[in-house]
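Please read the structure below before turning to the comments.
Counting starts at 1 for both ligands and their atoms, in listed order.
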Amino acid sequence: MIEAKNITKSFGDEKVLRDVSFTFEQNKTLSILGKSGSGKTTLLKIFAGLESKYSGQIFVDGRRMDDVKPKDRGVVYLYQEPLLFPHLTVEENIGFGLRIRDEKHDIIKEKTLEMVNRLQLNGQEKKYPEQLSGGQKQRVAFGRAFIIHPTVLLLDEPFGSLDPETRLEMQTLFVEISRAEKITTLFVTHDLKEALMTGDRFGMMQNGVLHLFESREAFINDSGSGVQEELKFWNKITRQHDENRSN
Ligand code: ADP
């Protein structure tokens with residue numbers, strides 16, 4: 001279980017998170033939708049251990065994390081710009097987390113190959129990051145994260161800089177692998193469709209206040225999520241299209 005209890009955070013006079021509390025189960029993805037500036041990144045940074053001055057508590061599997069050093073939390077934080085080691089190849093980047101854990105050479109080889117296949121990076125193994133496209137780099141960053149089975153994967157608009165087609169491919173791949181590998185993810189985005197595609201649970205952040213929905217249906221039916229607006233838009237377009245055809 002992942003838990004946040006009464007998290008409040010300010011920068012100077014600006015309250016950025018207001019009494020944020022939630023729980024969600026392991027092996028699931030909680031997708032939090034929110035406009036830019038609503039406090040999503042700050043919440044992820046608190047989980048990653050990159051923001052220290054706040055009130056409230058966070059727990060992973062019942063273990064209080066607030067005073068645990070970032071490197072000992074077992075979390076991975078990924079954002080738009082994939083941070084890869086420029087001097088390592090694709091397979092060396094993916095296997096990095098296993099190498100520093102002193103895994104056996106054969107096991108690293110086997111798991112890296114499996115991840116390369118899963119991420120459809122076959123044929124790219126020996127390339128260096130500078131030789132990859134944006135989408136391929138992001139795949140490598142995900143491979144490096146997935147392979148070590150983080151306690152929580154923190155994703156901060158990870159596909160924001162990709163073109164729509166590649167973005168959709170990555171969302172689909174993320175859902176496929178995170179389910180198969182049973183990865184627990186906190187996914188923040190300002191993109192409604194992305195939240196709907198990736199989430200098992202849904203939340204909405206507005207001005208530092210987090211609202212958690214009981215179900216996908218509750219999220220879809222809530223006037224604030226924007227789903228109904230979107231449906232109205234498409235219904236209107238379809239009606240207009242039908243009317244034009246019958247005239
Ligand atoms: P989001 O991820 O939803 O775009 P952020 O968590 O990045 O929102 O930011 C929430 C608010 O906190 C914004 O108004 C932002 O300007 C402010 N903020 C974020 N980081 C800092 C910081 N280090 N110093 C001062 N203000 C910050």
Side-chain angles (χ1 to χ4, degrees), residues 2-24 28-60 65-71 73 75-83 134 137-138 141-142 145 150-164 167 170-171 174 178 183-213 219-220 222-227 229-230:
I2 310 299
E3 187 169 14
K5 266 191 184 167
N6 311 107
I7 303 286
T8 293
K9 164 82 187 164
S10 300
F11 288 110
D13 292 339
E14 188 189 354
K15 225 176 211 183
V16 174
L17 294 175
R18 300 163 194 262
D19 206 20
V20 169
S21 295
F22 63 84
T23 57
F24 77 104
K28 300 281 183 205
T29 297
L30 169 63
S31 289
I32 298 180
L33 179 68
K35 282 190 202 146
S36 176
S38 58
K40 306 182 301 297
T41 298
T42 307
L43 180 64
L44 290 195
K45 283 188 173 168
I46 286 176
F47 267 89
L50 303 173
E51 287 289 356
S52 50
K53 288 191 186 134
Y54 58 91
S55 63
Q57 295 142 23
I58 53 171
F59 298 88
V60 173
M65 296 297 253
D66 305 278
D67 296 325
V68 178
K69 289 195 184 115
K71 69 175 178 54
R73 293 186 180 207
V75 303
V76 173
Y77 177 40
L78 295 182
Y79 44 99
Q80 252 180 43
E81 209 42 59
L83 288 181
K137 277 188 208 161
Q138 199 55 287
F142 270 83
T151 51
V152 191
L153 178 60
L154 303 167
L155 299 182
D156 193 347
E157 308 268 5
F159 311 133
S161 61
L162 304 176
D163 61 84
R167 190 168 181 158
M170 287 302 295
Q171 289 162 349
F174 162 75
S178 62
I183 305 283
T184 309
T185 308
L186 201 46
F187 195 129
V188 307
T189 178
H190 67 265
D191 185 291
L192 173 61
K193 284 194 208 120
E194 184 159 274
L196 279 168
M197 283 261 317
T198 55
D200 300 297
R201 304 273 175 271
F202 301 91
M204 209 160 60
M205 184 80 95
Q206 282 170 315
N207 286 326
V209 177
L210 180 70
H211 176 68
L212 220 62
F213 294 93
F219 178 62
I220 288 174
D222 190 273
S223 60
S225 70
V227 180
E229 295 255 322
E230 183 98 358

If I apply the N/O under 3.5 Å rule, does [X] come out as touching ligand 1?
{"X": "Gly39", "answer": "yes"}
{"X": "Glu51", "answer": "no"}
{"X": "Gly37", "answer": "yes"}

Near [X], which atoms of ligand 1 are under 4.0 Å from a heavy atom of that residue?
{"X": "Val16", "value": "10 (C), 11 (C), 12 (O)"}
{"X": "Ser38", "value": "1 (P), 3 (O), 8 (O)"}
{"X": "Lys35", "value": "3 (O)"}
{"X": "Ser36", "value": "4 (O)"}

Go through the steps to decide whether Ser161 and Gln80 satisfy the test side-chain contact (heavy atoms from CB on, under 4.5 Å), and finish with yes or no.
CA-CA 6 Å; Ser161 61; Gln80 252 180 43; 3.9 Å; yes
Quick one: which of Glu14, Lys40, Lys45, Lys9 has a heavy atom closest to atom 11 (C) of ligand 1?
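Nearest heavy atom to atom 11 (C) of ligand 1 lies in Glu14.
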Minimum-distance protein heavy atom relative to atom 23 (N) of ligand 1:
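Scanning the protein heavy atoms, the shortest distance from atom 23 (N) of ligand 1 goes to Phe11 CE2, 3.6 Å.
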If you have a sec, work out which protein heavy atom is nearest atom 7 (O) of ligand 1 and how many Å separate them, to one decimal?
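So the nearest neighbour among protein heavy atoms is Thr41 CB, 3.5 Å.
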[X] vs [Y] side-chain heavy atoms within contact, under 4.5 Å:
{"X": "Tyr54", "Y": "Leu17", "result": "no"}
{"X": "Phe187", "Y": "Pro158", "result": "yes"}
{"X": "Phe24", "Y": "Asp200", "result": "no"}
{"X": "Ile183", "Y": "Phe142", "result": "no"}

Is the backbone of Gly56 close enough, under 3.5 Å, to the side chain of Asn6 for a donor and an acceptor to pair up by distance?
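Side chain of Asn6 to backbone of Gly56, a donor-acceptor pair under 3.5 Å: no, none is there.
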Looking just at side-chain N and O atoms, do Ser31 and Thr198 make a donor-acceptor pair shorter than 3.5 Å?
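There is such a pair (donor and acceptor under 3.5 Å, judged by atom type) between the side chains of Ser31 and Thr198.
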Please determine whether any non-hydrogen atom of Gly34 lies less than 4.0 Å from an atom of ligand 1.
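The answer is no: ligand 1 sits nowhere under 4.0 Å from a heavy atom of Gly34.
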Determine, using heavy atoms of Glu157 and all atoms of ligand 1, whether some pair is separated by less than 4.0 Å.
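No heavy atom of Glu157 comes that close to ligand 1.
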Give the ring-plane orientation class for Tyr77 versus Tyr79, where under 30° counts as parallel, over 60° as perpendicular and anything between as tilted.
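Answer is tilted, since the angle falls between 30° and 60°.
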Select one of side chain, backbone, both or neither to describe which atoms of Thr42 lie under 4.0 Å from any atom of ligand 1, heavy atoms only.
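For Thr42, backbone and side-chain atoms both sit under 4.0 Å from ligand 1.
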I need the contact type for Met205 against ligand 1. Using non-hydrogen atoms and a strict under-4.0 Å cut-off, is it side chain, backbone, both or neither?
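It is neither part, as no heavy atom is under 4.0 Å.
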Quick check on side chain to side chain contact (heavy atoms under 4.5 Å, CB included): which of Val76, Thr184, Val75 does Thr151 satisfy it with?
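The option that passes is Val75.
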